[in-house]
Structures are given as C-alpha cells and as structure tokens.
Amino acid sequence: MLMVKVGVIGLGSISDFHLKSYHDDGRAEIVALADMNEQRLKEKGAQYNVSALYTEIDGLLSDTNVEAVSICTWNNTHADLAVKALHAGKHVLVEKPLSITTEEALGVQKAQRQTGKIVQVGFVRRHANNAKWLKDFIETDGLGEIYYAKASCLRRLGNPGGWFSDKTRSGGGPLIDLGVHMIDICWYLMGRPKPVSVSGNAYYKLGNRSNIKHLDFYKAADYDPTVNSVEDLTNAMIRFENGASLLVDVSFTLHAKKDELSCQLYGDKGGAELEPALKVMTEVNDMIFNMDPQIDHPGLDMFEAFQSEISHFVDVIENGAEQIAPVEDGVEVMKMLNAIYQSAKEGREVLL
C-alpha cells in the first residue's frame with residue numbers, strides 16, 4: 001500500500017496530536033520534521049524514527065519526498081507557510097486559525113486555487129464524535145430550523161503565556177485561540193449561514209494573573225510572566241443573513257467560580273447541547289424530553305478528534321473524499337474573528 005509522506009512543521013505541544021495521529025493512521029508516513037529548536041527537533045526525530053530534520057522550514061518544503069505538511073507553528077506564520085507549501089507542491093493541513101487577518105486568509109485561498117492542492121483547516125471539533133453525530137441529526141431535520149446558538153469557553157485562570165500572550169505572534173488572545181473553535185463549531189452545525197454583522201467587546205482588566213499561587217494552569221513552553229499584550233475576555237453577537245444569531249464569550253482569565261465550556265443550539269423542532277456533553281431536547285406527545293444519545297464520546301475527546309481529523313486529511317489526499325473543513329470555511333471564520341476585534345476596538349457594530 002502506498003503511504004502518504006508527511007512533514008510536520010513546528011514541534012510545539014499541538015504537534016504531538018498530529019504526530020501520534022499520523023503514526024497511528026497506518027496510511028501515512030512521517031518523513032520529515034522542521035523546528036527551530038534543534039534539541040526538540042532531534043528528540044521528536046528519534047521518537048518517530050525520522051531522519052530528515054530541518055531547522056530551516058525552506059529545507060523541508062524543498063524536500064521532494066514530502067507530499068503533505070501539517071503546519072503547527074505560531075499563528076502569525078500560518079498563512080505564509082501555507083502559501084509557500086502549496087507553491088512547493090504540498091497538500092496542507094494548517095492549524096487554526098488559518099491566519100491572523102482576512103487578507104492573509106484570502107491569500108491562502110488564492111494559492112489553493114492556483115495550485116489545485118488540498119488545504120484543510122484545523123477545525124478539530126468538527127471531527128469529534130459528538131459533533132459528527134449531531135451534524136447527521138441536524139441534517140435529517142432533527143432540530144428543524146436553527147435560529148439561535150450560544151457558546152462559552154471561559155477560563156478563570158488560563159492564560160498560557162509565551163507566544164499565546166504575545167499579540168504579534170498570536171494575533172490576539174482567547175478569541176483567536178479559543179473563540180475560533182467555539183464560533184466555528186456553532187457556525188458549522190448551523191449550516192454555515194452567511195454572516196452579515198458583528199458586535200463585539202474585548203476587555204483588558206486582569207492581565208495574566210501570574211501572581212496567583214497554589215493553583216496550577218497550563219503554561220506554554222516559552223512562558224514568560226512579564227509578557228502579555230492580549231485581551232482577557234471577548235464576547236460577541238454575530239447575525240446571519242438567514243436571521244439566525246450566535247452569542248459567544250471566551251476568556252483566558254476571569255473572576256469566575258470555575259472554568260466553563262458550553263455549546264448550545266436551538267431550533268424550531270428541538271435543541272441540542274454539544275458541550276460539555278451531547279444532549280438533545282425535543283417534544284414528544286406534548287411533553288418535553290431531554291435525551292442522552294448513546295455514543296462512545298458524548299463530550300470532546302481530543303485524541304479521538306485529532307485522529308479523525310488526520311485520518312480525514314489522508315482520506316481526502318488518497319481518495320478525494322469531500323472535505324469537512326476546506327479553506328473557504330477558514331476564510332469565513334477569519335472574517336468573523338477580525339470583525340469582532342474591529343467592533344471591540346471601534347465600539348460599534350461592524351457590517352460584513
């Protein structure tokens with residue numbers, strides 16, 4: 001059996017999900033790695049038995065043995081590397097967000113159309129078991145017309161620091177890191193309606209709260225408590241052409257009792273919760289029923305979701321499967337994210 005030969009660019013924490021998933025898929029072979037941290041590069045090379053190791057990304061992109069790449073680098077490099085990889089003849093799986101500006105996202109879309117290569121955006125929640133079940137249920141009219149959705153991903157103490165909190169590299173804080181997932185999965189399940197306006201707010205009140213003691217939280221590999229130029233919290237209302245609306249709020253830090261993850265959709269025939277665990281609400285015989293679909297992972301299982309995402313990427317390359325997260329969707333999500341930041345900065349509703 002022919003194997004899809006893959007290179008992984010950027011070996012930070014998110015790359016572990018990509019590497020393990022390619023390794024476990026059985027139809028892909030990791031043939032090259034690139035990272036500017038030479039020690040980390042050698043360690044991952046030894047772990048996955050990869051000898052083609054590059055501290056310069058151009059070296060990997062010029063490697064004719066590489067057919068496809070996963071881009072797992074800082075947000076501000078995603079679009080540029082995707083364009084370079086496409087023009088180097090590689091298929092591309094690019095971590096979310098696709099870019100940090102809409103113009104950059106459109107540039108990736110243009111390069112994809114010029115080269116005819118595949119671009120898959122890393123909207124990993126679309127590939128989770130609970131999301132796939134709910135998508136099928138919605139497409140058989142299980143919820144009817146979905147007119148409202150709301151999602152929250154609130155951390156009370158969860159600014160990872162490092163590049164995540166450096167706006168020049170990340171493009172923003174919780175909105176572009178967490179909100180991108182929450183907005184995308186709601187929009188996707190709503191049927192990807194056309195966004196027409198956005199009203200958003202961003203708050204810079206608490207900082208990274210590095211003074212807090214006796215409570216652990218995830219820290220980036222390059223964590224530096226003195227660096228923080230991103231927002232604490234963002235909220236937004238997005239209106240769509242079909243009359244539906246989406247309400248979202250996300251935070252890195254907030255005076256909240258506990259972390260919160262929720263995703264809810266409401267239709268004229270029923271409602272659903274995707275997070276924290278899959279539930280469906282409907283009417284039967286003039287009674288309201290709350291139902292718990294019996295599936296293996298009613299909540300988000302990151303390992304299962306990433307394995308499904310990587311396997312889908314391989315399947316699109318090998319068999320021409322219909323894409324679940326094409327570049328066009330990445331562009332639309334970037335339009336919404338950028339409009340939220342613009343609305344927050346200017347204190348007004350932004351039309352799309």
Under 4.0 Å between a side-chain nitrogen and a carboxylate oxygen: does that hold for [X] and [Y]?
{"X": "Arg27", "Y": "Asp315", "value": "yes"}
{"X": "Lys96", "Y": "Asp184", "value": "no"}
{"X": "Asp35", "Y": "Arg40", "value": "yes"}
{"X": "Asp141", "Y": "Lys269", "value": "yes"}
{"X": "Lys335", "Y": "Glu332", "value": "yes"}
{"X": "Arg126", "Y": "Glu309", "value": "no"}

(message) Whether Lys219 engages the ring of Phe217 as a cation-pi pair (distance to the six-membered ring centre under 6.0 angstrom, angle to the ring normal within 45°) should be assessed.
(response)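 Positive - Lys219 is close enough to the ring of Phe217 and near enough to its axis.
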
State the [atom1]-[atom2] distance between [X] and [Y], to the nearest 0.5 angstrom.
{"X": "Gln120", "Y": "Ile310", "atom1": "CD", "atom2": "CD1", "answer": "7.5 Å"}
{"X": "Ile100", "Y": "Met334", "atom1": "CD1", "atom2": "CE", "answer": "7.5 Å"}
{"X": "Gln114", "Y": "Gln109", "atom1": "CD", "atom2": "CD", "answer": "11.0 Å"}
{"X": "Leu233", "Y": "Thr253", "atom1": "CG", "atom2": "OG1", "answer": "9.5 Å"}
{"X": "Leu175", "Y": "Ser251", "atom1": "CG", "atom2": "OG", "answer": "12.0 Å"}
{"X": "Phe164", "Y": "Tyr223", "atom1": "CZ", "atom2": "OH", "answer": "13.0 Å"}

(message) Keeping Ser152 on the side-chain end and Leu154 on the backbone end, is there a donor-acceptor pair under 3.5 Å?
(response)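 Such a contact is absent between Ser152 side chain and Leu154 backbone.
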
(message) Between Asp222 and Trp163 (side chain of the first, backbone of the second, donor and acceptor by atom type, cut-off under 3.5 Å), is there such a pair?
(response)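 Yes.
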
(request) Can you label the angle between the Trp133 ring and the Phe137 ring as parallel, tilted or perpendicular, going by 30° and 60°? (result) parallel

(message) Once you measure the plane-to-plane angle for Phe17 and Phe306, does it fall in the parallel (<30°), tilted (30-60°) or perpendicular (>60°) bin?
(response)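 Geometry flag for Phe306 against Phe17: parallel rings.
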
Residues [X] and [Y]: side-chain donor-acceptor under 3.5 angstrom:
{"X": "Tyr22", "Y": "Glu29", "value": "no"}
{"X": "Lys132", "Y": "Ser308", "value": "yes"}
{"X": "Gln307", "Y": "Ser311", "value": "yes"}

(request) Search all heavy atoms of Val83 against all heavy atoms of Gly107 and return the closest pair with its distance. (result)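 Result for this residue pair: CG2-O, 3.9 Å.
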
(request) Take Ile340 and Ile183 through the test side-chain contact (heavy atoms from CB on, under 4.5 Å) and record every step on the way to the result. (result) CA-CA 11 Å; Ile340 293 169; Ile183 290 170; 3.7 Å; yes

